[in-house]
Each structure stands twice: as structure tokens, then as C-alpha cells.
Amino acid sequence: QVQLVESGGGLVQPGGSLRLSCEASGSIVSINAMGWYRQAPGAQRELVADITSGGSTNYADSVKGRFTISRDNAKNTVTLQMNNLKPEDTAVYYCYAHIRRRWYPAAEYWGQGTQVTVSS
């Protein structure tokens, strides 16, 4: 079994900051990419940012320069530092990880989601 547990969502005013964290646990052999998607009401889920095990990062254009993704490979964690938040960043944020388990093919696993609301 594999679990991804997210933390750090909440309510923040425009211009504020939040830090999301996600920890993967369970029978993990290795993790390739980890990252964050988000889904606003009535919208499709979209990639926010991801990071490979080697540290290569990828960001949505809408968050470049404001969000920073990082990971700790030893702890199987990924963090999203979100600065200068805007109302349009309001969404449920989902952590994902591409994980290889012993005896199983590599697959994507998802967290349950954490709400981020940016409002005055």
C-alpha cells in the first residue's frame, strides 16, 4: 500500500503565502516525479508544478515566479511554497507521485487534496 498525505492548505488574503507539503509512505522502492495539480470549481484539473528525483522542475505559466517546488528524496516528501497568492489560485490542490513498488509496475498515486482559498 502507498499513501500520500497532504498538509498546509487554508485561507489566505491576496498577496499572502502558503506552504503545502506531501509525504508518501508505504512499500516504496523509488519515486520518479512528484508534484502538484489543482482543480478549481467547474474547471479541469491542471498541473501546477512537478519535480523529478534529479531535481528538474516544471511549472505552469500562471505560477512561474510565485511558486517554488522542492523535494526531499530521503523523506519522500514534496513541498510547494506559494507566494503572492491570487484569487485565481483558489482550488483544491492534489499531490501526486510516480512510484515504483516491489512486484508492481510503476504507477501514479494521488493524495486526497487540500483546499487553498485566496480571498479578502
Side-chain angles (χ1 to χ4, degrees):
Q1 291 278 17
V2 170
Q3 281 190 317
L4 271 65
V5 178
E6 300 133 333
S7 61
L11 173 64
V12 65
Q13 292 186 340
S17 297
L18 281 175
R19 186 179 180 89
L20 304 183
S21 294
C22 173
E23 180 179 6
S25 62
S27 56
I28 297 170
V29 172
S30 62
I31 303 178
N32 186 9
M34 300 184 80
W36 296 89
Y37 276 71
R38 67 186 180 187
Q39 187 166 19
Q44 289 189 329
R45 191 174 293 192
E46 63 174 359
L47 175 69
V48 177
D50 59 19
I51 183 169
T52 67
S53 57
S56 296
T57 58
N58 178 45
Y59 294 93
D61 288 342
S62 59
V63 307
K64 284 180 180 176
R66 299 189 298 122
F67 291 11
T68 302
I69 190 169
S70 60
R71 66 186 279 177
D72 185 329
N73 291 330
K75 297 180 179 179
N76 292 336
T77 58
V78 62
T79 300
L80 186 69
Q81 177 66 43
M82 305 185 294
N83 298 328
N84 190 21
L85 282 159
K86 304 176 180 181
E88 51 264 42
D89 294 317
T90 295
V92 178
Y93 284 68
Y94 296 92
C95 170
Y96 86 94
H98 194 258
I99 294 174
R100 188 161 68 89
R101 301 169 59 196
R102 186 179 292 275
W103 311 119
Y104 293 88
E108 285 192 344
Y109 294 82
W110 293 83
Q112 291 186 321
T114 185
Q115 177 70 46
V116 171
T117 302
V118 185
S119 174
S120 56

Engineer: Can you establish whether the number of heavy atoms outside Gln1 located under 6.0 Å from its atom CD is more than 12?
Structural biologist: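 No, because the 6.0 Å sphere around CD of Gln1 holds 12 heavy atoms or fewer from other groups.
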Engineer: Checking side chain to side chain contact (heavy atoms under 4.5 Å, CB included) for the pair Arg38/Val63: CA distance, chi angles, key distance, verdict?
Structural biologist: CA-CA 12 Å; Arg38 67 186 180 187; Val63 307; 4.0 Å; yes
Engineer: Considering all heavy atoms of both residues, which atom of Ala106 and which atom of His98 are nearest to each other, and what is their separation?
Structural biologist: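 Where Ala106 meets His98 most closely, the heavy atoms are CB-CE1, 3.7 Å.
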Engineer: Which atoms form the tightest heavy-atom contact between Ala40 and Ala91, and what is the distance?
Structural biologist: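 Shortest heavy-atom contact: N-CB, 3.8 Å.
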Engineer: Verify the neighbour count for atom CD of Gln112: are there more than 12 heavy atoms of other residues, nucleotides or ligands below 6.0 Å?
Structural biologist: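 No, the 6.0 Å shell around CD holds no more than 12 heavy atoms from other groups.
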Engineer: Show the nearest heavy-atom pair for residues Ile51 and Arg71, with the distance to one decimal.
Structural biologist: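 Shortest heavy-atom separation between Ile51 and Arg71 comes out as O-NH1, 3.1 Å.
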Engineer: Would Glu23 and Ser21 count as having a side-chain donor-acceptor pair, cut-off 3.5 Å?
Structural biologist: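 Looking only at side-chain atoms, Ser21 and Glu23 do not form any donor-acceptor pair under 3.5 Å.
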Engineer: Dump the intermediate steps for side chain to side chain contact (heavy atoms under 4.5 Å, CB included) on Gln13 and Leu85, then the final yes or no.
Structural biologist: CA-CA 8 Å; Gln13 292 186 340; Leu85 282 159; over 6 Å; no
Engineer: Looking at CG of Leu4 and OG1 of Thr77, how far apart are the two atoms once the value is rounded to the nearest 0.5 Å?
Structural biologist: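 Answer for the CG-OG1 pair, Leu4 versus Thr77, is 11.0 Å.
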Engineer: Would you say CD of Gln44 has more than 12 non-hydrogen atoms from neighbouring residues, nucleotides or ligands within 6.0 angstrom?
Structural biologist: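 It does not: Gln44 CD has 12 such atoms or fewer within range.
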Engineer: Measure across Gly113 and Tyr94 and return the closest heavy-atom pair with its distance rounded to 0.1 Å.
Structural biologist: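 Here Gly113 and Tyr94 meet closest at CA-CD2, 3.6 Å.
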Engineer: When rounded to the nearest 0.5 angstrom, what distance separates CD1 in Ile69 from CE in Met34?
Structural biologist: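 Reported to 0.5 Å precision, the distance equals 8.5 Å.
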Engineer: Under a 4.0 Å threshold between the charged nitrogen and the carboxylate oxygen, would Lys64 count as salt-bridged to Asp61?
Structural biologist: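 The answer is yes: the pair qualifies as a salt bridge.
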Engineer: Dump the intermediate steps for side chain to side chain contact (heavy atoms under 4.5 Å, CB included) on Asp89 and Met82, then the final yes or no.
Structural biologist: CA-CA 10 Å; Asp89 294 317; Met82 305 185 294; over 6 Å; no
Engineer: Inspect the surroundings of CD in Glu46 and state if more than 12 heavy atoms from other residues, nucleotides or ligands are less than 6.0 Å away.
Structural biologist: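 Count over threshold, so yes.
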Engineer: Can you check side chain to side chain contact (heavy atoms under 4.5 Å, CB included) on Val2 and Ile28, steps first, answer last?
Structural biologist: CA-CA 7 Å; Val2 170; Ile28 297 170; 4.2 Å; yes
Engineer: Please identify each residue that fulfils side chain to side chain donor-acceptor pair (under 3.5 Å) with Ser25, with sequence neighbours left out.
Structural biologist: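 So Ser25 forms no side chain to side chain donor-acceptor pair (under 3.5 Å) with any residue.
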Engineer: Holding to ring pair (Phe, Tyr, Trp, His ring centres under 6.0 Å), I want the full list of residues that pass it with Tyr37, two or more places apart in sequence or in another chain.
Structural biologist: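 Only Tyr96, Trp110 meet the ring pair (Phe, Tyr, Trp, His ring centres under 6.0 Å) criterion with Tyr37.
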Engineer: For Ser70, which residues count as a side-chain contact (heavy atoms from CB on, under 4.5 Å) partner, sequence neighbours excluded?
Structural biologist: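 Applying side-chain contact (heavy atoms from CB on, under 4.5 Å) to Ser70 gives Thr79.
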